[in-house]
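Step one of this worksheet: look at the structure below.
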Amino acid sequence: MLLVNARLATMAAATPEDAARGERYGLIEDGAIAIADGAIAWVGKRQDVPEQWTRGEVTDLGGRLVTPGLIDCHTHLVHGGNRATEFEMRLEGASYEAIARAGGGIVSTVSATRTASDAELLESALRRADALFAEGVTTLEIKSGYGLDPETELRMLRAARRIAAQRQADVRTSYLGAHAVPPEYAGQADIYIDEICIPTLRAAHAEGLADAVDGFCEGIAFNPQQIARVFDCAKSLGLPVKLHAEQLSNLGGAKLAAEYGALSADHLEYLDEDGVIAMAASGTVAVLLPGAFYTLRETQLPPLDLLRKHSVPVAIATDANPGSSPITSLLLTLNMACTLFRMTPEEALAGVTRHAARALGLADRGTLEAGKRADLAVFDVEHPAELAYRIGFNPLHARYYAGRKS
Ligand code: DI6
Ligand code: FE
């Protein structure tokens, strides 16, 4: 199959020569993409298409923009209930941390998730996932972490897997048993880690339900020593790790994550230069989450200039969750990354394509290059900057998942 008459934002890493010429987005004007067996077989200018690719089905994209299929690399899409009343409490002056310490916050979603049936969990998550897919998302990461007991953690991960089975999309799961201390273990975080968190990680792994292991390193959650114990178990099982770090304070989580060769450290508003240097050395991706920054009216900006200075790849994601980031639009997240964090539209788009793939440890996607999966998003826009510029408008024309239009 051959797609022609498209402007391609390949998002391939710029060579020094490209950068010197000021070329952005790996842009190819009047481009073509040949697809075979679910993968990109050839990409380039239409005039250069090798003969062999012109003999099959040819689709004219009418000059539209094609990007790699978008990747939302950090979400908590599977959960019961919602936290609109907590939103009201915050508007009346309560802080996110104070609500959490008073037994609300994450723990209130834990109750709602435990009482939700499998069907309810799947159905509510599908609605949110469909909003993302409708914007061109083809790969979605989903975390557990609202069960905090063996049964519900596994039910969450199974629901995440079922989304992939029911839709044209890839879902990557992260086990987040170290998200919060459940009420039945209040004040006993270490015992929770030993009795529940680690055994459930082993069970999730045995059932093939976890692609990675995540944690929340924060005063209202777990300290670095506790996270290290979970990461040691992940390592023994051969699972990659990632970490919610430096979201509300600096506990050195990013450094800890880097020591374990983490795929990513996420949030990072309170990250310092030592942490940035450690991430650069370990190749850990910085995942910034503007939806949570916005919702919590955070004022401490993530250290974007330091991340740029030390060439740490920056991804962005929705963090879609019922508490700190009730957002299910990756396009709006692009806009927020630019407006709130002052990322460029090109950095933001790399953040939901090439760098997001890396944050999930996926080398087979995230750019339009020969050999990559044929996961594509086709937009009714002229210039890629339009994707980040608009607010609340969805210009998706079509998406291709493993070469199949959907
Ligand atoms: N940080 C977050 O922003 C989400 N989890 C986390 O560790 C929020 C989860 C929630 O408030 O329900
Ligand atoms: Fe999160």
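Just so you know, residue 1 is the first one in the sequence shown, and it goes up from there. Order of appearance sets the numbers: ligands from 1, and atoms from 1 within every ligand. No hydrogens, no waters, no symmetry mates; every other heavy atom, side chains included, goes into these values.
- Aromatic ring centroids of Y25 and H383 lie under 6.0 Å apart.
- Between V230 and C197, the closest side-chain pair of non-hydrogen atoms falls below 4.5 Å.
- Using a 4.5 Å heavy-atom cutoff, the side chains of E346 and P384 are not in contact.
- The residues R167 and D130 are annotated as salt-bridged, a charged nitrogen and a carboxylate oxygen being separated by less than 4.0 angstrom.
- The two atoms that bring V171 and R161 nearest to each other are O-NH1, 3.7 Å, heavy atoms only.
- Between Y175 and L157, some side-chain heavy-atom pair lies under the 4.5 Å cut-off.
- Under 4.0 Å is where a charged nitrogen must lie from a carboxylate oxygen, and between R399 and D375 no such pair does.
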Item checked: Pair F341-F293, ring pair (Phe, Tyr, Trp, His ring centres under 6.0 Å): steps then yes or no -> CA-CA 10 Å; F341 295 167; F293 178 93; 5.0 Å; yes
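- At least one side-chain heavy atom of C233 sits less than 4.5 Å from a side-chain heavy atom of R202.
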Is there any protein N/O under 3.5 Å from an N/O of ligand 1, and what does the full list of such pairs look like?
unit_1	atom_1	unit_2	atom_2	d
ligand 1	1 (N)	Q247	OE1	2.9
ligand 1	1 (N)	H267	NE2	3.4
ligand 1	3 (O)	Q247	NE2	3.1
ligand 1	3 (O)	H267	NE2	3.3
ligand 1	3 (O)	D319	OD2	3.1
ligand 1	3 (O)	S324	OG	2.6
ligand 1	5 (N)	H179	NE2	2.8
ligand 1	7 (O)	H179	NE2	3.2
ligand 1	11 (O)	R83	NH2	2.8
ligand 1	11 (O)	Y96	OH	2.5
ligand 1	12 (O)	R83	NH1	2.8
ligand 1	12 (O)	R83	NH2	3.3
ligand 1	12 (O)	Y146	OH	2.6

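- Take the Fe ion (ligand 2) and draw a sphere of radius 2.8 Å; the protein N/O/S atoms inside it number 4.
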